[in-house]
Amino acid sequence: MSIHVLDEANRCLNCKVPLCKKGCPIQTPIPEVIQLMLNGKIDEAGKLLFENNPLTTICSLVCNHENQCEGHCVLGKKGSPVHFSMIENYISSAYSSKMVKGPAQSNGMKVAIIGAGPAGLTIAVILARKGYKVTIFEGKDKIGGVLRYGIPEFRLPKSILDDFEYRHLILKDIKVRPNTTIGSSITIDDLFRDGYKSIFVGTGVWRPFALHIKGETLGHVHFGIHYLSNPDSFHLGKKVIVIGNGNSAMDVARTALRKGVQKLQCFSRTDKVSASKHEYEYALLEGVEFVHNKAPVEIVEEGVIFADTKVGEDGSIDIIPDSKQLYEADSVIICISQGPQNRIVATTKGLDANGKGLLVTDEMGHTTRPGIFASGDVVNGSRTVVEAVAHSKLVAEAMDKYMQSLKESEME
């Protein structure tokens, strides 16, 4: 593998104006990292990657590289781009085992992180580096959020998350309280009472959107986000219909096939595929059948009744009369995106959400209540992992500035 990576790295033109860096939401210094590796300074390259992006190993596997760094590479205009994802994964994986440094010197201030997904983990690591005593409150039994419970093992091995927990949380003395939901037994006001100077909310979007059609409550109907959380607990049968064709739908479909489903069809209202080209092509390769221009009308015991659709010039989707048809399936999985839970907003005075239930913040993550910050999907809706990390870096700096101002005012 190292020879392949070196061959790929040697293709880099080391552009003075690196478009690959501009295409990366977190502005990874790609040419600099590559040149460090080629000059035999792989540890320096690894350190640079992790300082820029605490989730660099994870992003090297799950980012939409074809539209980001690799999609902007100048070599890709006439041929194949430099596959930096492979280089990043090699460097970060090699360097991660050397990350054994203990916690930074404490500054005496406590921070609460609600949610151990990409946003929460990023905030936790950055603030721990600055000496804050960090506690993460996670509603599930393990860290990772969507990384662990929304991305299949074949795309992101759980061992990487376990290693992250050891290297970045345990060794840095970041405390984790699993199976702890804020907004029930413990509230945000309780956290402030117990001396946390600042609170970050990164609870993601775990409420699946429903179709609101007849038959959605039947026993063979499931939501994609629930299926991905623990596929082995579902008994889908041989024929499965997935409604939706985004990246989550691709994850569901490819996972179901790996779990023994023999026929899997993905249905969508238009002929446009929402998933990335990479994920779509893999789904096709693995046997997923795509059925376009179909709108679900009713779910029945035998499967789903769809009607043909026609997309108007204004983008509207109209159902063609007398076009209903039953497509048989043993199970139906709905994958049409998710929204946030409202538990924290409902139990916290002064914390506002918009009409979609997303937390209201400014660009730096300040919510409508002082001392509470937020970023990631609970603010922006379903986005990519690297976008959550990029936004959270800014929010971490805002939290640090806020808490340092509190410290200065207390000293006056």
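For the numbers below, each heavy atom of this structure counts, side chains included, while hydrogens, waters and symmetry mates do not.
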Under a 4.0 Å N-O cut-off, is there an ion pair linking [X] with [Y]?
X: K41; Y: D43; result: no
X: R148; Y: D141; result: no
X: E44; Y: K47; result: no
X: K130; Y: E397; result: yes
X: E51; Y: R129; result: no
X: E279; Y: R254; result: yes
X: D330; Y: K263; result: no

Sub-3.5 Å donor-acceptor pair from the side chain of [X] to the main-chain atoms of [Y], do we have one?
X: S229; Y: I225; answer: yes
X: R167; Y: K172; answer: no
X: R369; Y: T348; answer: no
X: H220; Y: V300; answer: yes
X: N245; Y: K272; answer: yes
X: E286; Y: L257; answer: no
X: N10; Y: L6; answer: yes
X: T361; Y: A374; answer: no
X: N247; Y: S276; answer: yes
X: T367; Y: I372; answer: yes

Return the orientation label for the [X] and [Y] ring planes: parallel under 30°, perpendicular over 60°, tilted otherwise.
X: Y149; Y: W206; answer: perpendicular
X: F50; Y: Y95; answer: tilted
X: H292; Y: F290; answer: parallel

Consider only side-chain N and O atoms of [X] and [Y], and report whether a donor and an acceptor are under 3.5 Å apart.
X: S85; Y: E70; value: yes
X: S316; Y: D314; value: yes
X: D251; Y: S248; value: no
X: N53; Y: K393; value: no
X: S392; Y: S375; value: yes

Practice prompt. Indicate the atoms forming the closest heavy-atom contact of P152 with K158, along with that distance.
Written response: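 Residues P152 and K158, closest heavy atoms: C-NZ, 3.8 Å.
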Worksheet item: SG/C63 to CG/N89 distance, rounded to the nearest 0.5 angstrom?
Response: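 These two atoms lie 11.5 Å from each other.
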Worksheet item: Just how far is it from atom OG of S268 to atom CD1 of I336, taken to the nearest 0.5 Å?
Response: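 That separation rounds to 12.5 Å.
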Worksheet, complete the sentence: When L36, V5, V33, I34 are each screened for side chain to side chain contact (heavy atoms under 4.5 Å, CB included) with I91, the one that passes is V33
